[in-house]
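Ligands are counted one by one from 1 in listed order, and the atoms in each one are counted from 1 as well.
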Amino acid sequence: MTAAHPSLTTAEALLADGTTVELRPLGPDDHRAVLDLHAAGMSEESRRMRFFGVSRNAPAQAADRLCGPSRTGVLALGAWAGDELVGEADCELLDEPSRTAELALAVADRWHHRGVATLLLEHLVHAARAAGIRFFEADTLYGNQAVHQVFADLGLPVRRHHARGEVRIRVPLDEGDEHYRSAVDERGRRADVASLAALLRPASVAVVGASRREGSVGGTVLAKIRQGGFAGPLWAVNPHAREIGGELAYPSVSALPAVPDLAVLAVPAGAVPGVAEECGEAGVRALVVLTSGLGPQEAGRLIRACRRHSMRLVGPNSLGLAQTDPAVRLDAEFGGAFTRPGTAGVAVQSGGVGIALLSRLTWLGIGVSSFVSLGDKYDVSGNDLLQWWEADGRTDLALLHLESFGSPRAFARTARRVTRTIPVLTVDAGRSTAGRRAAASHTAAAATPTVTREALFRQAGITATRSIDELVAAAALFHAQPLPAPRGAVAVVSNAGGIGILAADACAEVGLALPELPQGLAELLPAGASVRNPVDTTAAVTPVELTHLLRALEEEPAVDAILVCLVPTALGAATGEDPVRALVEGPARRRVPVVAVLLDQQVPVRYRSCADGGVLPAYSDAVAAARALVHARDRARRLAEPPSAPVAAPDCDRQAARSLVDGYLTAHPGGGWLDPLSTADLLAAYGLPLTTTVWVRDEQAAVAAADGLRGLGHDAKVALKAYWPGQVHKSAVGAVRTGLATDADVREAYREFTKRFGAELVGAVVQPMAAPGLELLAGVVQDRVFGPLVVLGLGGTATEVLADRVARLAPLSERDLTTMVTELRSAPLLFGRHGGAAVDLAAVRSVLTGLSLLAEDLPELVEADLNPVIVRPDGAVCVDARVRLERRPSFDPYLRRLRRPAAAGPAFEEE
Ligand code: ADP
Ligand code: MG
């Protein structure tokens with residue numbers, strides 16, 4: 001076998017210290033490099049210690065074993081830094097029945113303690129699992145602490161057997177998955193943060209392409225960095241100028257007196273790849289590319305330069321970035337926005353939105369910890385920043401305006417974790433709806449109308465708003481006030497009855513509860529006041545009375561939040577007894593969050609400073625205040641939920657599914673719909689209950705198959721369905737015949753198909769008729785932002801009419817299995833509340849579980865549509881399933897690797 005094993009892929013990934021290495025399968029061309037690694041790269045002692053399995057082999061033998069023509073069944077993966085092979089991990093199947101492979105590992109001495117071995121192992125585990133290997137075995141020397149540590153840290157269970165000074169290590173690859181994933185996640189997070197330090201905390205910066213020309217991008221950024229008081233050395237690079245703005249300019253990056261951590265590029269598009277390469281050669285650690293308009297060629301070269309030289313990249317088409325930490329003070333953007341130091345992390349895709357957002361935050365008084373304009377996101381994405389803010393110790397609020405967040409599957413997982421620590425708010429522009437590709441299947445089309453992206457964001461833990469105004473309104477509340485209790489019951493107070501009613505309506509409309517309030521509160525207020533919720537204090541209320549009321553409401557157990565709605569009154573103006581004084585002269589921080597709605601306020605939201613030094617968000621409109629409160633309540637609910645474990649894997653045959661998918665995509669590189677038999681095999685591998693489906697190519701075979709099914713004791717009747725590749729809805733075109741009782745019926749039906757579909761007809765499937773029950777649809781669709789979603793809904797002919805369905809991000813948790821069912825409007829039908837018997841809910845859960853695992857394991861699965869799944873008190877059976885596959889470089893969210901953006905060209909593309 002000279003071709004690399006298909007389960008081994010090429011990827012770039014980060015080491016523990018943030019360095020990028022390339023991982024690729026070793027092949028015959030790498031003989032020399034393997035020899036060098038083992039001979040020159042390692043001392044005698046490390047050869048003795050680090051090798052196992054092949055420990056007694058000389059370097060030459062190792063090179064032959066891994067790269068020579070004789071190698072068979074070896075999975076060998078190398079880690080490269082530029083042209084240097086810095087480490088190697090391989091495994092070789094030892095024992096076929098037990099699927100045990102012997103593992104070997106070698107890392108160049110210079111590269112020890114940087115996580116090379118662990119990274120290689122993770123990728124090898126991934127490839128080995130895909131190749132059906134179930135155990136790794138390795139012999140290590142007893143005293144080899146380093147290797148024992150690698151295994152202890154890996155996250156998989158390790159069994160050790162001691163014998164004669166050696167330790168035989170055995171690692172089962174299919175156990176302890178969640179633990180392993182957490183360990184991988186944690187390493188990924190650390191490496192990511194380490195790699196971003198050069199971008200967000202650089203010690204020195206160069207602006208390349210800075211020019212003297214008034215208003216030039218480079219010149220502006222240079223001036224802003226200087227004015228911002230950047231703490232470290234700052235250099236200008238420009239071949240045509242000796243001096244810029246009073247500072248010496250250097251002709252090239254290599255001519256600089258020292259190597260900058262960060263280079264900001266403002267050169268013409270055509271020059272970007274060359275400059276990036278030069279920066280990489282010089283040892284620059286990170287790039288911000290402000291230039292826009294790069295062609296595909298330039299894009300590809302830029303990304304490759306970054307990966308090869310281990311540089312993280314923001315942009316291109318970025319407005320720049322800002323870091324307000326007093327120890328750094330880097331203002332490297334040309335948006336003209338002034339960012340004051342604070343605790344909000346801000347990332348935007350579009351520069352214009354960035355400027356708008358920053359200026360509003362600044363005006364409001366919310367400071368920024370770091371700001372990044374991500375531009376075209378060739379490398380650094382929203383995911384990276386979430387992880388940075390999670391760890392930077394300065395950020396307590398994250399604001400994103402992005403069209404996508406990086407690799408969808410990684411995003412969903414990262415977001416779920418990060419949002420447990422800090423609130424993440426985003427604008428859901430709603431440009432793309434779940435399952436945009438729709439049209440071709442029920443499930444995909446079905447996901448669109450009713451499944452709001454807002455709900456999916458909520459599932460990821462993210463607060464999704466509909467506009468920048470709403471984002472800022474919510475941020476104002478999150479930043480200044482405590483979260484309400486998860487119940488989120490609001491007391492609405494106003495000094496004008498009609499206004500109070502409108503505010504109460506606004507609260508009710510967003511789903512906030514307005515509890516009954518104790519009558520005793522009336523004693524605190526002027527005569528004629530009403531303390532039903534909304535509380536009408538009457539216009540005669542004095543600041544003192546209002547103060548007492550607020551204090552009482554704050555202590556009231558039925559109240560989780562207070563919304564105070566005030567209109568200025570002539571009375572208040574005349575006496576100086578403006579009730580707003582009760583708000584600003586009291587504390588801003590109370591047991592429950594307080595928001596003000598001030599109807600005479602000219603701006604949508606602003607802060608009012610209070611006596612305790614805190615601030616109270618004041619809105620000009622009750623609807624905005626209510627929406628902010630409901631976002632806070634939703635976050636409180638989310639935090640109150642105990643984490644729910646992901647669904648556990650039942651017995652599924654992953655290897656069969658994997659080889660089916662690989663086989664199909666080899667034969668159909670363009671992807672497409674699986675034929676009925678392959679569909680049946682794939683579903684069977686995940687325990688999905690497709691009814692017996694017999695494939696036939698002519699009338700005679702159809703009759704025989706029907707007889708056979710009857711012989712098996714099925715219902716005497718069968719269904720016959722015509723098949724041709726590319727078919728969409730079968731029954732609509734007369735391709736489904738159900739309830740066929742006799743041979744003659746089957747014959748007639750097949751003849752009819754032949755007549756109707758002519759040469760198009762390829763064959764048909766024969767199925768037993770399933771007993772009637774409730775028809776559900778279940779499936780998987782891919783969302784551009786969120787990755788795979790599992791969908792459940794009312795199916796069969798009712799699908800489009802009733803549009804009753806729910807969707808969840810895969811992987812599903814145990815709780816999702818329950819709430820998906822209960823959230824359906826037709827849930828009472830499933831629970832048997834309408835006279836019928838309850839259906840087998842365990843069977844429904846098992847279908848959802850199977851789909852979740854399918855979605856998780858197979859990124860190539862772009863659509864799965866099970867419609868209908870007929871559910872009954874005694875089980876569930878699917879009678880119609882369609883599956884579409886597309887080749888996509890396998891992106892396992894648990895495999896640490898850098899994203900490959902589409903812009904870099906098809907050979908370098910992903911998700
Ligand atoms: P399509 O969705 O492409 O029109 P289906 O195979 O789903 O075709 O068939 C349409 C409908 O026929 C199903 O929703 C179901 O009500 C009924 N049906 C199809 N096959 C069977 C079967 N094997 N047993 C019972 N009912 C069936
Ligand atoms: Mg159908």
- Message: Tell me if a side-chain donor or acceptor on Glu748 pairs with a main-chain N or O of Ala744 at a distance below 3.5 Å.
- Response: no
- What do we get for Gln767 next to ligand 1 when only non-hydrogen atoms under 4.0 Å count, side chain, backbone, both or neither? side chain
- Going by the 4.0 angstrom heavy-atom rule, the piece of Asn867 near ligand 1 is backbone
- Return yes or no for this condition: an N or O of Lys730 is under 3.5 Å from an N or O of ligand 1. yes
- Message: With a heavy-atom distance limit of 4.0 Å, tell me whether Pro768 approaches ligand 1 through its side chain, its backbone, both, or neither.
- Response: backbone
- Message: Classify the ring geometry of Trp724 against Phe757: parallel below 30°, tilted from 30° to 60°, perpendicular beyond 60°.
- Response: tilted
- Query: Among Thr849, Asp653, Asp857, which one satisfies side-chain hydrogen bond (donor to acceptor under 3.5 Å, both in side chains) with Tyr686?
  - Reply: Asp857
- Mark up the atoms of ligand 1 that fall under 4.0 Å of a heavy atom belonging to Pro868, in ascending order. 7 (O), 13 (C), 14 (O), 15 (C)
- Message: Please give the atom name: the N, O or S atom of Asp880 nearest to the Mg ion (ligand 2).
- Response: OD2
- Test side-chain contact (heavy atoms from CB on, under 4.5 Å) applied to Leu776 and Val839, Ile870, Leu830, Asp804, the passing residue: Leu830
- Query: Do any of the N, O or S atoms of Asp865 sit under 2.8 Å from the Mg ion (ligand 2)?
  - Reply: no
- For atom 7 (O) of ligand 1, which of Asp880, Val869, Val733, Val766 has the closest heavy atom? Asp880
- In terms of the angle between their ring planes, are Phe411 and Phe786 parallel, tilted or perpendicular, with boundaries placed at 30° and 60°? tilted
- Closest to atom 25 (C) of ligand 1 (judged by heavy-atom distance), picking from Ala770, Ser731, Gly734: Ala770
- Query: With sequence neighbours excluded, what pairs up with Ser678 under the side chain to side chain donor-acceptor pair (under 3.5 Å) test?
  - Reply: Asp675
- Task: Could you tell me whether ligand 1 has any atom less than 4.0 Å away from a heavy atom of Thr691?
- Result: no
- Message: Looking at Arg882 and His729, would you say the former's side chain and the latter's main chain have a donor-acceptor pair under 3.5 Å?
- Response: no
- Looking at the Mg ion (ligand 2), is one of the N, O or S atoms of Ser731 less than 2.8 Å from it? no
- Atom CZ of Arg637 with >12 non-hydrogen neighbours under 6.0 angstrom: yes
- Ligand-side contact atoms (ligand 1) for residue partner Val736, heavy atom cut-off under 4.0 Å: 8 (O), 9 (O)
